[in-house]
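Take a look at the structure below.
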Amino acid sequence: MQQVRVRFAPSPTGPLHIGGVRTALYNYLFAKKNNGVFILRIEDTDLVRFVEGAEEYIMDSLKWCGIEVDEGINEGGNYGPYRQSDRKHIYRQYADILADKGDAYYAFDTTEELEALRKNAEKEGRTFIYNSSIRERLRNSLSMPESQWKMLIEKGEPYVIRYKMPVNEDIHFEDLIRGHIVVNTGTLDDKVLFKADGMPTYHLAHLVDDHLMEISHVIRGEEWLPSLPLHFILYRSFGWKAPLFAHLPLLLKPDGKGKLSKRDGDKMGFPVFPLYWPYGETAKGYREEGYYPEAFINMLALLGWNPGTEQEIFSMDELINEFSIERVHKSGSRFDPEKAKWFNHSWLRKRSNNQLALEFRDYLRAQGHHHDIGDLETIVGMVKERVNFVRDIWSETDFFFRAPESYDQEVIRKRWLPETPEQMLELESVLEGIEKFSSENSEQVVKQWISENKYNTGAVLNAFRLLIVGASRGPHLFDIISWIGREETVRRIEKGISVIASQVK
RNA sequence: GGUCCAUUCGUCUAGUGGUUAGGACGUCAGGUUUUCAUCCUGGUAACAGGGGUUCGAUUCCCCUAUGGACUACCA
């Protein structure tokens with residue numbers, strides 16, 4: 001049995017989009033599931049669109065996601081180099097092989113000439129296709145005598161090598177996800193395999209590399225489906241065994257129509273990229289927004305695939321275990337930012353208090369607060385169920401670290417009764433009398449005091465909470481006061497009474 | 001325009017020639033709680049439309065509609 005070898009082959013033309021990350025992820029899962037090899041190949045044959053920093057970004061993104069590369073630029077391997085610009089010397093000979101056996105030809109048409117032909121065709125309501133219908137009338141090695149085109153080449157005239165598409169033939173092929181597909185070559189054009197700048201196009205380069213690298217399965221985006229017949233027929237021309245193909249459905253915009261794009265993220269306030277992109281037009285990343293890689297990966301994995309069970313939370317190991325290419329969907333998935341948050345919430349609450357406290361401590365440090373891990377563990381334990389991100393812990397617990405600056409007017413209106421100030425003063429002395437200021441003790445003593453005086457529990461405790469928190473929110477009140485301590489509690493009671501008194505007047 | 005691909009609640013999806021078409025996110029309501037949130041319970045909501053095939057179709061076939069991709073010397 002042939003070893004499973006798959007590759008993720010992005011172009012370094014900018015930051016890696018989450019659709020690209022998902023493609024990488026599915027390749028990785030498939031490889032690991034089948035004890036195979038996951039290869040990272042950089043496809044930088046387009047000199048014009050190359051973007052500095054993109055290659056690093058791709059590798060950093062995969063690393064953050066926990067997608068480990070087996071063979072690649074940094075990892076090495078027996079099939080290198082793994083960057084197409086470093087493999088430049090390889091491709092020309094393969095284009096020549098096809099030309100020599102008559103499956104490809106040299107074409108001298110300039111970009112301007114072709115542009116004009118396209119415009120012309122469009123004007124007449126036709127589509128210009130460079131194929132058998134017209135190739136004999138254009139400037140190429142099929143339409144001119146051998147001596148002439150050889151002379152042009154010798155003179156240094158720029159030219160490309162095009163594939164000579166058969167005239168009328170049904171190409172049958174299989175896709176692991178989509179099944180059987182038939183396309184007639186009459187609708188296909190004579191694709192350029194080798195460019196005038198001395199670089200191969202995608203079609204030639206990826207195919208040669210996949211063959212040389214002994215790729216067993218090509219798992220890539222649906223946008224490649226239309227060129228699959230070309231690739232099949234190229235394998236045939238070379239006399240090579242084609243790998244198996246699987247074309248992944250697209251990721252769609254959360255609302256409206258179309259493919260997810262960078263602008264959607266900007267517009268709707270969620271990232272479209274795994275990491276912050278610092279160059280040129282900057283872009284937000286999931287990492288910086290506070291997402292855990294586990295949650296990010298979990299979410300992406302389930303966008304276009306699921307194992308058929310009702311389980312939704314998967315670790316990478318579980319994904320590897322459950323993944324199968326046959327269960328990948330055919331149709332595109334709309335990305336849902338709300339559910340993304342829920343995944344992070346689910347992963348966050350799985351963390352231990354200690355882990356979370358460490359993460360929260362880092363966050364607090366950045367805000368200039370310094371606290372013991374033990375103290376923070378108590379706090380995160382109180383609120384971890386209710387937050388989506390570590391940074392939310394701060395907005396849920398800020399009153400632990402500082403007395404309220406203001407008091408919710410709505411709560412004052414509802415809960416601050418004429419007798420309240422006096423009750424609060426009374427409460428203060430009750431608290432002063434508690435021996436051990438723990439949550440349980442103070443709760444017991446306070447509740448006893450309330451019932452002995454026949455006060456209204458809701459009224460008293462809501463007013464108390466208002467003084468401590470400044471609003472009607474937060475965890476168990478006695479947990480809060482025991483954490484901030486008796487002194488601070490008393491201080492807040494006194495301050496609150498006087499501030500509110502001045503407002504109520 | 002042409003070629004190819006797709007179509008189950010708002011979204012992600014399960015599922016079958018006969019099911020009360022299931023789950024999750026969201027949303028709504030109730031309960032718990034001293035508050036907010038969590039949590040629990042319940043509700044809401046879908047087989048794009050039309051023809052076939054069949055005793056029966058959401059499921060198989062065809063057509064239409066809609067959506068998408070591709071249609072570069074970009075990947």
Side-chain angles (χ1 to χ4, degrees), chain A residues 9-13 43-46 48-49 107 109-111 114-115 118 121-122 125-130 158-162 175 177-179 181-184 186-189 191-197 199-203 205-206 220-229 247 249-250 252 254-255 257-259 299 302-313 329-343 345 349 382-387 396 408 411 415 443 446-447 450 456-466 469 471-478:
Chain A
S11 288
T13 54
E43 310 220 324
D44 56 347
T45 54
D46 189 344
V48 180
R49 294 205 310 154
D109 318 277
T110 64
T111 309
L114 294 174
E115 195 61 33
R118 274 193 200 95
E122 201 180 324
R126 293 181 298 107
T127 312
F128 172 77
I129 305 182
Y130 201 125
Y159 66 94
V160 300
I161 301 176
R162 285 180 182 273
D175 182 275
I177 294 168
R178 279 143 220 287
I181 300 170
V182 187
V183 178
N184 190 281
T187 64
L188 272 20
D189 63 343
K191 274 273 176 288
V192 171
L193 300 178
F194 202 86
K195 299 185 269 189
D197 66 3
M199 290 297 271
T201 62
Y202 171 82
H203 299 107
H206 96 277
R220 77 233 292 197
E222 189 186 323
E223 67 269 25
W224 293 111
L225 200 51
S227 53
L228 187 51
H247 287 85
L250 264 16
L252 274 17
D255 73 329
K257 323 285 186 196
K259 197 159 77 152
M299 165 197 85
L302 260 31
L303 235 40
W305 170 87
N306 87 75
T309 65
E310 285 180 359
Q311 185 179 350
E312 296 217 73
I313 302 300
H329 303 145
K330 294 179 167 77
S331 51
S333 326
R334 199 152 278 137
F335 174 75
D336 181 5
E338 282 307 312
K339 194 139 185 182
K341 288 182 193 153
W342 176 79
F343 276 111
H345 172 72
R349 54 193 295 191
M382 290 182 221
V383 299
K384 72 194 270 196
E385 301 292 332
R386 57 171 78 199
V387 298
E396 288 290 331
D408 190 308
V411 181
R415 304 289 191 180
E443 176 166 10
V446 168
K447 282 192 170 165
I450 287 173
N456 179 301
T457 309
V460 171
L461 292 181
N462 277 298
F464 187 18
R465 177 179 289 278
L466 180 66
V469 174
S472 174
R473 66 186 174 100
H476 193 59
L477 184 53
F478 296 96

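Letters A, B, ... mirror the listed sequences (proteins, then strands); counts begin at 1.
Within the nucleic acid shown, A:Gly221 has no heavy atom closer than 4.0 Å to any nucleic acid atom. Residue contacts shown for A:Arg162 are limited to sugar-phosphate atoms, with no base heavy atom under 4.0 Å away. Within 4.0 Å of A:Arg178, counting heavy atoms only, lie sugar-phosphate atoms of the nucleic acid but no base atom. Heavy atoms of A:Val160 sit under 4.0 angstrom from at least one base atom. Across all strands shown, A:Leu477 has heavy atoms under 4.0 Å from base atoms, whether or not it also approaches the sugar-phosphate. In this structure, A:Asp109 reaches the bases: a heavy-atom distance under 4.0 Å links it to at least one base atom across the strands shown. A:Ser11 comes within 4.0 angstrom of the backbone, heavy atoms only, and of no base. Across all strands, A:Pro249 comes closer than 4.0 Å to no nucleic acid atom at all (heavy-atom distances). Counting non-hydrogen atoms under 4.0 angstrom, A:Arg220 reaches nothing in the nucleic acid. As judged by a 4.0 angstrom heavy-atom cut-off over every strand, A:Thr45 is placed among residues touching the sugar-phosphate backbone only. Counting non-hydrogen atoms under 4.0 angstrom, A:Leu228 reaches nothing in the nucleic acid.
In the set B:rG68, B:rA24, B:rU38, B:rU38 carries the atom at the smallest distance from any side-chain atom of A:Arg349. Here B:rC12 is the nucleotide among B:rG1, B:rC12, B:rG68 with the atom lying nearest to any side-chain atom of A:Arg334.
Between A:Pro12 and A:Asp44 the shortest heavy-atom distance is CG-CB, 3.7 Å. Counting all heavy atoms, side chain and backbone alike, A:His206 lies closest to A:Arg220 at NE2-NH2, 3.1 Å.
Nucleotide B:rA37 holds its C1' atom 11 Å from the CD atom of A:Glu385, rounded to whole Å.
Between A:His203 and the phosphate of B:rC73, there is no side-chain N or O to OP1/OP2 separation shorter than 4.0 Å. Contact between the side-chain N/O atoms of A:Arg118 and the OP1/OP2 oxygens of B:rC73 is found at a separation under 4.0 Å. Look at A:Asn306 and you'll find a side-chain N or O under 4.0 angstrom from OP1 or OP2 of B:rA14. One finds a side-chain N or O of A:Ser333 lying less than 4.0 angstrom from the OP1 or OP2 phosphate oxygen of B:rU13. Look at A:Arg473 and you won't find any side-chain N or O under 4.0 angstrom from OP1 or OP2 of B:rA37. Proximity of A:His329 to the phosphate of B:rU13: a side-chain N or O atom is located under 4.0 Å from OP1 or OP2.
Using the Watson-Crick or G-U wobble rule with both distances under 3.5 Å, B:rU66 pairs with B:rA6. Remark: B:rU41 base-pairs with B:rA29; criterion is Watson-Crick or G-U wobble with both hydrogen-bond distances under 3.5 Å.
Taking 3.5 Å as the limit, the base of B:rU33 and the side chain of A:His476 contain no donor-acceptor pair of atoms between them.
Comparing the same atom, C1', in B:rG17 and in B:rG31 gives a spacing of 43 Å after rounding to whole Å. Taking atom C1' on both nucleotides, B:rG23 is separated from B:rU44 by 15 Å, rounded to a whole Å.
Remark: side-chain polar atoms of A:Lys195 are paired, donor with acceptor, to backbone N or O of A:Thr45 under 3.5 angstrom. Without hydrogens or angle criteria, A:Glu310 side chain to A:Glu312 main chain gives no donor-acceptor distance under 3.5 Å.
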Check against salt bridge (charged side-chain N to carboxylate O under 4.0 Å, His left out), A:Asp336 and A:Lys339: CA-CA 6 Å; A:Asp336 181 5; A:Lys339 194 139 185 182; over 6 Å; no

